[in-house]
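Single-structure report; data block below.
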Amino acid sequence: MKVKICGITNLDDALAAVDAGADALGFVFAQEGRAKNRYIDPANFIAEIQDQIPPFIITVGVVIDPTDDQVDFYLELVDRIQLHGDEHPEWVVAIGPRTIKALRMGPDFTPKHANRYIAGAILLDAHDAEARGGTGRTVDWDMARKVVEQVDTPIILAGGLTPENVAEAVRIVRPYAVDVSGGVEKEPGKKDHDKLRRFVREAKLSLP
């Protein structure tokens, strides 16, 4: 089970997540809505964090409706970009396999919505009319399991995961990876290192 710790804003939290066993780190380059609390300026990322991340750890930039120029810029900084906006499926395909397309699972969500996108991975998050992520709400795990079963693209499960519920979520959904931000924080933008360790341990030990 792969684990991504998102909303990293400082080097101390980044290294703590790596030491806990995280496979990927997410950095929020978008300033919209609740993302403001976890925003990190790309210049600060370059100066303070980029060169300090150990080899074989995937870095992910979280963005919303970026321009073509912004995509090129972000892909020079990080290994993947995570798209949380209204990006068109054809545009996502054109960017290539270094994309993670985030989809918000509303009440009418079905696997066909995920099948519209050809990306490196699909991230399933909770739907919120005012937020593009970081809502703290869990998704419909049974529907997420159907997406895993019916969609060929690797599925990342997000939305309200915590050290207390991630093992059950993984057993039900069986995603490629899980993603957490608020569920391992002590305050917005600051991680609780004990929760980090417990989350990674529970996620990785949840399947035989």
Side-chain angles (χ1 to χ4, degrees), residues 2 4-9 23-46 49-50 53 57-135 137 139-140 143-144 146-159 173 175-181:
K2 305 296 184 183
K4 173 174 166 279
I5 306 297
C6 201
I8 299 289
T9 62
D23 303 283
L25 305 178
F27 302 91
V28 178
F29 296 147
Q31 299 188 64
E32 182 175 316
R34 294 181 181 142
K36 292 179 180 179
N37 293 326
R38 301 179 181 107
Y39 171 75
I40 181 169
D41 188 298
N44 291 339
F45 169 76
I46 295 169
I49 298 177
Q50 187 180 44
I53 297 174
I57 300 297
I58 298 297
T59 55
V60 182
V62 179
V63 298
I64 297 174
D65 294 318
T67 65
D68 290 337
D69 288 342
Q70 287 174 325
V71 168
D72 292 339
F73 171 67
Y74 293 138
L75 287 177
E76 291 180 358
L77 304 184
V78 293
D79 300 304
R80 303 284 189 274
I81 56 170
Q82 185 170 305
L83 304 169
H84 272 264
D86 298 317
E87 299 88 3
H88 193 277
E90 293 181 2
W91 190 74
V92 175
V93 171
I95 299 175
R98 292 173 65 187
T99 56
I100 298 170
K101 181 63 184 105
L103 299 176
R104 293 175 290 167
M105 295 180 63
D108 298 325
F109 187 91
T110 68
K112 69 179 181 181
H113 292 92
N115 265 322
R116 296 176 59 217
Y117 291 90
I118 299 176
I122 297 291
L123 182 142
L124 300 179
D125 204 351
H127 181 270
D128 188 303
E130 299 180 357
R132 301 296 185 115
T135 66
R137 300 177 183 175
V139 304
D140 181 336
M143 177 55 68
K146 292 179 182 178
V147 176
V148 170
E149 293 172 341
Q150 298 179 34
V151 176
D152 292 334
T153 305
I155 301 299
I156 303 169
L157 180 66
V173 180
Y176 170 76
V178 290
D179 184 300
V180 65
S181 183

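Predicted model, so just to flag it, every value in this text is computed and none were measured.
How far CD1 of Ile155 is from NZ of Lys146: 15.0 Å, rounded to the nearest 0.5 Å. Atom CG of Leu157 is separated from atom CE of Met105 by 8.5 Å, given to the nearest 0.5 angstrom. One finds the CD1 atom of Ile49 at 8.0 Å from the CG atom of Asn44 (value rounded to the nearest 0.5 Å). Distance CD/Glu76 to CD/Gln50: 10.0 Å, rounded to 0.5 Å.
When side chains are defined from C-beta on, Asp65 counts as touching Asp86, because their heavy atoms get closer than 4.5 Å. Side-chain contact between Thr59 and Ile53: present, with at least one pair of heavy atoms (C-beta onward) separated by less than 4.5 Å. A heavy-atom distance below 4.5 Å is not found between the side chains of Ile40 and Val28. Here the side chains of Leu77 and Phe73 are in contact, with some heavy-atom distance below 4.5 Å. Side-chain contact between Leu83 and Ile95: present, with at least one pair of heavy atoms (C-beta onward) separated by less than 4.5 Å. Residues Asp125 and Leu123 form a side-chain contact, since some pair of their non-hydrogen atoms from C-beta on lies under 4.5 Å apart. A heavy-atom distance below 4.5 Å is found between the side chains of Val147 and Leu124. Taking 4.5 Å as the limit, some side-chain heavy atom of Asp68 sits within range of a side-chain heavy atom of Trp91.
Contact record, His84 with Ile64: CB-CG1, 3.9 Å, taken as the closest heavy-atom pair. Of all the heavy atoms in Ile122 and Tyr117, the pair that sits closest is CD1-CB, 3.8 Å. Among all heavy-atom pairs drawn from Ala114 and Leu103, the shortest one is CA-CD1, 3.6 Å. The two atoms that bring Arg80 and Ile58 nearest to each other are CG-CG2, 4.0 Å, heavy atoms only. Counting all heavy atoms, side chain and backbone alike, Met143 lies closest to Pro111 at SD-CD, 3.7 Å. Contact detail for Gly7 and Ser181: the closest heavy-atom pair is CA-OG, 3.8 Å.
Thr9 and Arg38 form no side-chain donor-acceptor contact under 3.5 Å, judged by distance and modelled atom types alone. Checked by atom type, the side-chain pair Lys4/Gln82 shows a donor-acceptor distance below 3.5 Å.
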Test ring pair (Phe, Tyr, Trp, His ring centres under 6.0 Å) applied to Tyr39 and Phe29, step by step: CA-CA 6 Å; Tyr39 171 75; Phe29 296 147; 7.6 Å; no
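Checked by atom type and distance alone, the side chain of Asp179 never pairs as donor or acceptor with a backbone atom of Ala158 at under 3.5 Å.
Each of Thr99, Val60, Val62 was compared with Ile81 under the side chain to side chain contact (heavy atoms under 4.5 Å, CB included) criterion, and only Thr99 meets it.
Other residues, nucleotides and ligands contribute more than 12 heavy atoms inside 6.0 Å of the CG atom of Leu75.
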